[in-house]
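Just so you know, residue 1 is the first one in the sequence shown, and it goes up from there.
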Amino acid sequence: MKKNKLKTISIHTILSIIAILIILMGIIWDYIPSTGIRITLFLLGIVIFLLVSLWHWQQKQQQFHFANDICETVDALMNGHNPENYHPYEDSQISKVQERLLQYYECIYEKQKQSEQDKQIIQELVSDISHQVKTPIANIQMFTNILQQHQLSNEKRMEFLNIMTTQINKLDFLLQSLIKMSRLETGTFILHMETSSLYNTIAQAVNEIWAKAKKKNIEIDVSCDSQVTVKHDVKWTIEALGNILDNAVKYTPENGNIWVKVRPWQFYTRIDISDTGIGIASKHYNDVFKRFYRAQEVAAKEGVGLGLYLTRGIITKQKGYISVKSELGKGTTFSVFLLN
């Protein structure tokens with residue numbers, strides 16, 4: 001909005017004018033008759049009164065325009081628009097106040113946006129949890145009703161109890177994974193970064209899947225210098241690497257191989273986890289890191305599709321990154337890069 005800007009006569013200007021007039025009167029006092037002195041004083045009083053009145057009026061006008069500009073700025077921000085009367089490059093009081101108001105508005109807007117995103121995340125989590133737990137709970141209820149309402153042989157009863165135990169374990173695994181996922185997405189995921197041996201971290205991750213690999217006669221080979229250290233969260237990095245290794249064992253046929261190779265670079269330390277598994281089609285490289293993604297060809301395998309999703313989140317939180325390279329029928333290599 002265009003407006004006429006009044007030039008304000010400051011109190012210093014008025015006092016300076018009065019001082020000059022008094023000095024002039026002192027100089028010419030002896031040359032002015034008494035009548036002239038009275039008239040001069042009278043006129044001087046009128047001039048002073050007019051100057052003060054003008055200054056006061058201009059101050060009121062300035063306050064009015066200042067308040068009007070602030071109100072227009074606030075109204076525009078409340079309606080989600082940029083204020084038209086904002087002049088960011090002016091060195092004026094109104095511009096400084098408007099800049100502060102805009103900063104405050106942007107801060108509130110970002111918090112509101114984050115709140116809406118958190119709300120959406122929670123809604124998605126509730127929906128995902130409801131969908132994922134539905135099947136194991138339904139199976140447990142079904143077998144419980146059968147055990148309660150039918151006379152079964154001990155052999156059949158044990159069979160149903162074993163099935164229920166499997167479903168309960170699946171439900172527990174699912175809920176634990178969902179808790180980790182919710183912590184990751186809602187910002188309650190806390191890392192304790194420390195410089196420690198990467199060899200020990202990998203050893204613990206391998207140890208968690210060693211029994212599964214042994215059952216399938218899968219050989220695991222680790223190539224890592226015991227002196228290599230990286231700043232990382234040991235607990236969550238074990239979780240991340242363990243998820244990759246678990247998938248390698250799960251999707252590698254019997255008598256296969258898994259290799260873990262560590263190579264320190266200038267800024268990152270690279271961890272390659274390779275297998276001789278079924279492989280991943282290149283068009284699904286990004287999909288495997290999505291929440292609850294399960295390829296059709298592995299739908300019958302155990303799992304809920306959260307392992308790699310959690311892995312990428314954990315590595316990213318540590319300012320690292322992960323990539324995948326695979327060939328169908330020959331194997332897959334997941335490369336984890338941890339910042340030195």
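The hydrophobic cluster containing I322 does not contain I238, counting ILVMFWY residues as joined when their side-chain heavy atoms lie under 4.5 angstrom apart, directly or transitively. V234 is not connected to V228 by any chain of hydrophobic side-chain contacts under 4.5 Å among Ile, Leu, Val, Met, Phe, Trp and Tyr, and they are in different clusters. Grouping the Ile, Leu, Val, Met, Phe, Trp and Tyr side chains by contacts below 4.5 angstrom, directly or via other members, places V249 apart from W259. In terms of hydrophobic clustering, with Ile, Leu, Val, Met, Phe, Trp and Tyr side chains grouped at heavy-atom distances under 4.5 Å, V222 and L245 are assigned to a common cluster. In the hydrophobic clustering of this structure, Y321 does not group with Y309; members are Ile, Leu, Val, Met, Phe, Trp, Tyr whose side-chain heavy atoms approach within less than 4.5 Å, directly or through other members.
Listed by first and then second residue, the ring pair (Phe, Tyr, Trp, His ring centres under 6.0 Å) pairs that reach into residues 190-219 come to none, sequence neighbours excluded. Applying the salt bridge (Lys or Arg N to Asp or Glu O under 4.0 Å) rule to pairs touching residues 273-287 yields D287-K290, sequence neighbours excluded. Residue pairs meeting the salt bridge (Lys or Arg N to Asp or Glu O under 4.0 Å) criterion with at least one member in residues 153-165, sequence neighbours excluded: K156-E159. Within the structure, the salt bridge (Lys or Arg N to Asp or Glu O under 4.0 Å) test picks out no pair touching residues 160-169 (sequence neighbours left out). Applying the side-chain hydrogen bond (donor to acceptor under 3.5 Å, both in side chains) test to pairs two or more places apart or on separate chains, those with a residue in residues 223-236 are T201-H232.
Taking the side chain as every heavy atom from C-beta outward, T237 and V336 never approach each other to under 4.5 Å. By the 4.5 Å heavy-atom criterion applied to side chains, T332 and V324 are counted as neighbours. Residues I218 and E254 are not in side-chain contact: their nearest non-hydrogen atoms beyond the backbone lie 4.5 Å or more apart.
Within 6.0 Å of CG on N286 lie no more than 12 heavy atoms contributed by other residues, nucleotides or ligands.
Residues passing the side-chain contact (heavy atoms from CB on, under 4.5 Å) test with V288 are I280, Y293, L308, sequence neighbours excluded. Under the ring-ring contact (aromatic ring centres under 6.0 Å, His included) criterion, F143 pairs with F160, not counting sequence neighbours. In terms of the side chain to side chain donor-acceptor pair (under 3.5 Å) criterion, residue partners of E327 (sequence neighbours excluded) are, by chain and number, K330. Taking the side-chain contact (heavy atoms from CB on, under 4.5 Å) definition, one finds that R270 meets it with R263, W265, D272, S335, F337, sequence neighbours left out. Residues passing the side chain to side chain donor-acceptor pair (under 3.5 Å) test with T276, sequence neighbours excluded: none. Q266 pairs by the side-chain contact (heavy atoms from CB on, under 4.5 Å) definition with nothing, not counting sequence neighbours. Partners of L339 by side-chain contact (heavy atoms from CB on, under 4.5 Å), not counting sequence neighbours, listed by chain and number: Y268, K319.
For the atom pair CG of D221 and CG of N257, the computed distance is 8.5 Å after rounding to the nearest 0.5 Å. The CG atom of L241 sits 11.0 Å away from atom CD1 of I209, with the distance rounded to the nearest 0.5 Å. The line from CE of M164 to CD1 of I146 is 10.0 Å long, rounded to the nearest 0.5 Å.
Using modelled atom types, no side-chain atom of D172 and backbone atom of I168 make a donor-acceptor pair closer than 3.5 Å. A distance-only check finds a donor-acceptor pair linking the side chain of Y285 to the backbone of S326 [under 3.5 Å]. Within the 3.5 Å criterion, the main-chain N or O of T252 finds a donor-acceptor partner in the side chain of K216. Using a distance-only test at 3.5 Å, with no hydrogens or angles considered, a donor-acceptor pair links the side chain of N243 to the main chain of G307. Judged by distance alone, with hydrogens and angles left aside, the side-chain atoms of N207 form no donor-acceptor pair with the main-chain N or O of A203 at under 3.5 Å. Between the D246 side chain and the G242 main chain, no donor and acceptor come within less than 3.5 Å of each other.
In this structure, T333 and S274 approach most closely via the heavy-atom pair OG1-OG, 2.8 Å. Contact detail for A213 and I220: the closest heavy-atom pair is CB-CD1, 3.7 Å.
Donor-acceptor pairing under 3.5 Å is recorded for the side chains of N139 and Q167.
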Walk me through it: do I315 and L338 pass the test side chain to side chain contact (heavy atoms under 4.5 Å, CB included)?
CA-CA 7 Å; I315 299 302; L338 294 176; 4.0 Å; yes

